[in-house]
Protein chains: 2
Amino acid sequence: MISVVLLGAGNVASHLYRAFKESANIDVLQWYSRSIDKISSYANDTHITDHLNDLKQADIYLLAVSDDAISKLSEKLPFDNRLVAHCSGSASIHDLDKKHQRAVFYPLQSFSKDADLTFSEIPICIEVLEKPNLKILQELASSLHCKTYKINTEQRQTLHLSAVFVNNFVNQLYRVAHEISDAKSINFDILKPLILETARKVQYMSPYMAQTGPAKRNDKKTIKRHLKLLENEQHKAIYELLTASIKKTHGQR
Amino acid sequence: MISVVLLGAGNVASHLYRAFKESANIDVLQWYSRSIDKISSYANDTHITDHLNDLKQADIYLLAVSDDAISKLSEKLPFDNRLVAHCSGSASIHDLDKKHQRAVFYPLQSFSKDADLTFSEIPICIEVLEKPNLKILQELASSLHCKTYKINTEQRQTLHLSAVFVNNFVNQLYRVAHEISDAKSINFDILKPLILETARKVQYMSPYMAQTGPAKRNDKKTIKRHLKLLENEQHKAIYELLTASIKKTHGQR
Ligand SMILES: NC(=O)c1ccc[n+]([C@@H]2O[C@H](COP(=O)([O-])OP(=O)(O)OC[C@H]3O[C@@H](n4cnc5c(N)ncnc54)[C@H](OP(=O)(O)O)[C@@H]3O)[C@@H](O)[C@H]2O)c1
Ligand SMILES: NC(=O)c1ccc[n+]([C@@H]2O[C@H](COP(=O)([O-])OP(=O)(O)OC[C@H]3O[C@@H](n4cnc5c(N)ncnc54)[C@H](OP(=O)(O)O)[C@@H]3O)[C@@H](O)[C@H]2O)c1
């Protein structure tokens, strides 16, 4: 049984809390939020508090707070030499005050409060400064049935950057397609199966192998017609840049 | 019962053939391929031929051949005034020889021969010149349990362009992430759940609502650090352009 004190009440903390409660191997000793109203509805399920001085003794203190708050909050924790981990993809492990045994427990997924997630599908990237803590964090993750990956700071920051490409930027391409099709009164629903299939394909095939289309074939006629169809200059620029990128990857010029 | 003669033996034709054979309401009278060896293994299941002069009389002739071949092949068909449809997202309905009753039966999905697809999830975009043919093509699609959409040429070409964004360009962003993470010996598998979740999210939420991340928040510190991490000039350009696009969409500057 691993005892956890959870700090923060945002997207990540809410999902973690639910997942922790479902695990027989994890005891959420206490939930801290500086705004107590955010967690007051859980008062019957766990100990809640908005006072750092009331924090109980636990195996792990998990800081699921905004990146900017990690440093100050870890400093204000009224104890030392205990295991304290943050959940950020980009904050350094050294943002945690050095009086603690420092670690990172980074769930690589996009969390929003309303969206349902299968927690067991989320990869957990773990980093520790004191080696024995690796096992505790791995056990915490495996109690959630998650796969774990030992990742150093540079790798984690590169992962976070890669996540921006496959999540934020990909989503923006969906948005551009939405704009383009809306302008011609086309139902965006028509594109949804293709969106899913594109993501599914790279689950078992490399993106290199999965590529198709006019840019890869260097089909100049189609590319020219597409550029003519695009009215928005920024959409045109995106089309040109990604076409050039595909050509470079696949050895066209 | 709808009788079909299928022409072509590539990605789309192969998937269509399998889907047609599973439907109780569709009779594949004949399968034509100019290279007979591509379909000879089906000789026991249907009539196969590589001779246009042998084509049987059917309700629909479906041309699932390369875009460039549509015009010439339709011209060479040794009959007239029958229903002939092509499957292309970009070819005009007028590419079909005008001696035929012309139509388009465009399945909006990315087909490759090996990938398994649930055909019933594929939207079929239909265009006809002679109105009564609309019903036949809708019946053909609904015999495959597919949703149909009536789409004109301009809309279809815009859809094809949108498909390039959500399929080819999105896949290239996966590729860029693969390159970036590979360079730091990070297992690409870690990103796969996020890739799927990003596609799943827009199945029930608009891409606008689904957006998160540093560009949307205008988190200048993170954006700057990411740009510093990127070593490849083209990756940097993609990062900058898509960040600008997200900012524009979400009213940041
Ligand atoms: N969202 C994701 O997709 C995702 C994915 C992986 C990792 N992460 C990481 O997980 C952590 C939390 O992210 P999130 O998305 O859950 O953020 P969030 O929804 O914005 O929630 C942030 C939480 O931090 C609290 N907080 C902010 N400043 C604080 C301070 N000075 N002292 C105490 N609490 C403070 C907030 O409290 P108030 O409500 O009182 O302001 C809120 O409970 C971040 O490190 C983030 O990088 C996020
Ligand atoms: N692939 C997709 O994801 C997709 C999605 C939606 C729509 N489409 C459309 O579906 C159609 C077929 O695409 P595909 O991906 O199946 O292409 P493909 O795999 O390249 O197959 C093309 C087929 O056309 C045949 N062909 C080419 N030139 C011909 C000619 N002059 N006479 C007779 N047959 C000829 C080829 O025969 P040989 O094998 O003898 O060369 C081959 O069987 C195209 O209009 C395409 O735009 C494709």
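As the structure is a prediction and not an experimental result, all values here were calculated from the model. Numbered from 1 within each chain, the chains take letters A, B, ... in sequence-line order.
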Engineer: The test is side-chain contact (heavy atoms from CB on, under 4.5 Å); show your working for A/Ile195 and B/Val202 and say whether it passes.
Structural biologist: CA-CA 9 Å; A/Ile195 286 174; B/Val202 295; 4.0 Å; yes

Engineer: How many angstroms lie between atom CZ of A/Arg225 and atom NE2 of B/His160, to the nearest 0.5 angstrom?
Structural biologist: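 If we round to the nearest 0.5 Å, A/Arg225:CZ and B/His160:NE2 are 7.5 Å apart.
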
Engineer: Considering only heavy atoms, which portion of A/Ala244 lies under 4.5 Å from any heavy atom of chain B: side chain, backbone, both, or neither?
Structural biologist: both

Engineer: Checking A/Tyr149 against chain B: side chain, backbone, both or neither under 4.5 Å from a heavy atom?
Structural biologist: side chain

Engineer: Should we say atom NZ of A/Lys72 is surrounded by more than 12 heavy atoms from elsewhere, each under 6.0 Å from it?
Structural biologist: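 Counting neighbours around NZ of A/Lys72, 12 or fewer heavy atoms of other residues, nucleotides or ligands fall under 6.0 Å, so no.
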
Engineer: Counting only heavy atoms closer than 4.5 Å, note whether A/Lys248 contacts chain B via side chain, backbone, both or neither.
Structural biologist: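 For A/Lys248, the contact with chain B is made by the side chain alone.
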
Engineer: Do B/Gln155 and A/Ser185 have a side chain donor and acceptor closer than 3.5 Å?
Structural biologist: no

Engineer: Answer with side chain, backbone, both or neither: which region of A/Asn187 has an atom nearer than 4.5 Å to a non-hydrogen atom of chain B?
Structural biologist: side chain

Engineer: With side chains defined as the heavy atoms from C-beta onward, is the minimum distance between A/Thr212 and B/Ser112 less than 4.5 Å?
Structural biologist: no

Engineer: Quick one: what part of A/His226 sits under 4.5 Å from any heavy atom of chain B, side chain, backbone, both or neither?
Structural biologist: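 Its backbone and side chain both get close to chain B.
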
Engineer: Sub-3.5 Å donor-acceptor pair from the side chain of B/Lys192 to the main-chain atoms of A/Gln203, do we have one?
Structural biologist: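 Yes; judged by distance alone, with no hydrogens or angles, the pair exists.
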
Engineer: When heavy-atom pairs shorter than 4.5 Å are enumerated against chain A, which of B/Ala177, B/Ser162, B/Ala237 gives the highest number?
Structural biologist: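 It is B/Ser162.
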
Engineer: What residue in A/Val170, A/Ile122, A/Thr118, A/Ile124 has the most heavy-atom pairs under 4.5 Å with chain B?
Structural biologist: A/Val170

Engineer: Quick one: which of A/Gln172, A/Lys184, A/Arg175 has the most heavy-atom pairs under 4.5 Å with chain B, could you say?
Structural biologist: A/Gln172

Engineer: Under a 4.5 Å heavy-atom cutoff, which of B/Ile180, B/Leu229, B/Ile186, B/Thr222 has the most pairs with chain A?
Structural biologist: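 Sorted descending by pairs with chain A, the first entry is B/Ile186.
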
Engineer: How about A/Pro207 and B/Phe188: do any of their side-chain heavy atoms sit closer than 4.5 Å?
Structural biologist: yes

Engineer: Does a sphere of radius 6.0 Å around NZ in B/Lys236 hold more than 12 heavy atoms from other residues, nucleotides or ligands, not counting ones at 6.0 Å or beyond?
Structural biologist: yes

Engineer: If you define the side chain from C-beta out and look only at heavy atoms, does anything of A/Val166 sit under 4.5 Å from B/Leu173?
Structural biologist: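 Contact flag for A/Val166/B/Leu173 side chains = no.
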
Engineer: Which region of A/Gln157, side chain (C-beta onward) or backbone (N, CA, C, O), has a non-hydrogen atom less than 4.5 Å from a non-hydrogen atom of chain B, or is it both or neither?
Structural biologist: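 For A/Gln157, heavy atoms of backbone and side chain both lie under 4.5 Å from chain B.
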
Engineer: Between B/Leu108, B/Ile190, B/Thr158, who has the most heavy-atom pairs with chain A when the cutoff is under 4.5 Å?
Structural biologist: B/Ile190

Engineer: Between A/Val164 and chain B, which part of the residue has a heavy atom less than 4.5 Å away: side chain, backbone, both or neither?
Structural biologist: side chain

Engineer: Given that the side chain runs from C-beta out, which part of A/Thr243 has a heavy atom under 4.5 Å from chain B: side chain, backbone, both or neither?
Structural biologist: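 Contact with chain B involves both backbone and side-chain atoms of A/Thr243.
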
Engineer: Nearest 0.5 Å, what's the CG-CD1 distance between A/Leu241 and B/Ile238?
Structural biologist: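 Answer for the CG-CD1 pair, A/Leu241 versus B/Ile238, is 5.0 Å.
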
Engineer: B/Asn167, B/Leu191, B/Asn152, B/Asn171: which one forms the most heavy-atom pairs within less than 4.5 Å of chain A?
Structural biologist: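 The residue among B/Asn167, B/Leu191, B/Asn152, B/Asn171 with the greatest pair count is B/Asn171.
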
Engineer: Tell me the closest heavy-atom pair linking A/Phe165 and B/His235, and the distance in Å.
Structural biologist: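 Closest approach of A/Phe165 to B/His235, heavy atoms only: CZ-O, 3.9 Å.
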
Engineer: Measure distances from B/Lys147 to the heavy atoms of chain A and classify the residue's part below 4.5 Å as side chain, backbone, both or neither.
Structural biologist: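 It is neither, since no heavy atom gets under 4.5 Å.
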
Engineer: Does the side chain of B/Gln109 come within less than 4.5 Å of A/Pro193's, by heavy atoms?
Structural biologist: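 With C-beta onward as the side chain, the pair touches.
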
Engineer: Could you have a look at B/Ala215, B/Ala210, B/Pro123 and say which one has the most heavy-atom pairs with chain A under 4.5 angstrom?
Structural biologist: B/Pro123

Engineer: Mind checking whether B/Thr198 and A/Ser110 have side chains closer than 4.5 Å, heavy atoms only?
Structural biologist: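 They are not in side-chain contact.
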
Engineer: Below 4.5 Å from any heavy atom of chain B, which atoms of A/Leu117 appear? Answer side chain, backbone, both or neither.
Structural biologist: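 Contact with chain B is through the side chain of A/Leu117 alone.
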
Engineer: Given that the side chain runs from C-beta out, which part of A/Ser181 has a heavy atom under 4.5 Å from chain B: side chain, backbone, both or neither?
Structural biologist: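 It is both, since atoms from each part get that close.
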
Engineer: Does the side chain of B/Leu230 come within less than 4.5 Å of A/Leu161's, by heavy atoms?
Structural biologist: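 Yes, close enough: below the 4.5 Å cut-off.
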
Engineer: Do A/Lys221 and B/Asp68 come close enough that some side-chain heavy atom pair is under 4.5 Å?
Structural biologist: yes

Engineer: What is the ring orientation for A/Tyr239 with B/Phe169, classed by angle as parallel under 30°, tilted 30 to 60°, or perpendicular over 60°?
Structural biologist: perpendicular

Engineer: Is it true that atom NZ of A/Lys216 has more than 12 heavy atoms of other residues, nucleotides or ligands lying nearer than 6.0 Å?
Structural biologist: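 It does: A/Lys216 NZ has more than 12 such atoms within range.
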
Engineer: Can you check whether A/Glu179 reaches B/Thr249 side chain to side chain, under 4.5 Å on heavy atoms?
Structural biologist: yes

Engineer: Just checking A/Met209: does its CE atom have more than 12 heavy atoms from other residues, nucleotides or ligands closer to it than 6.0 angstrom?
Structural biologist: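 Result for CE/A/Met209: open.
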
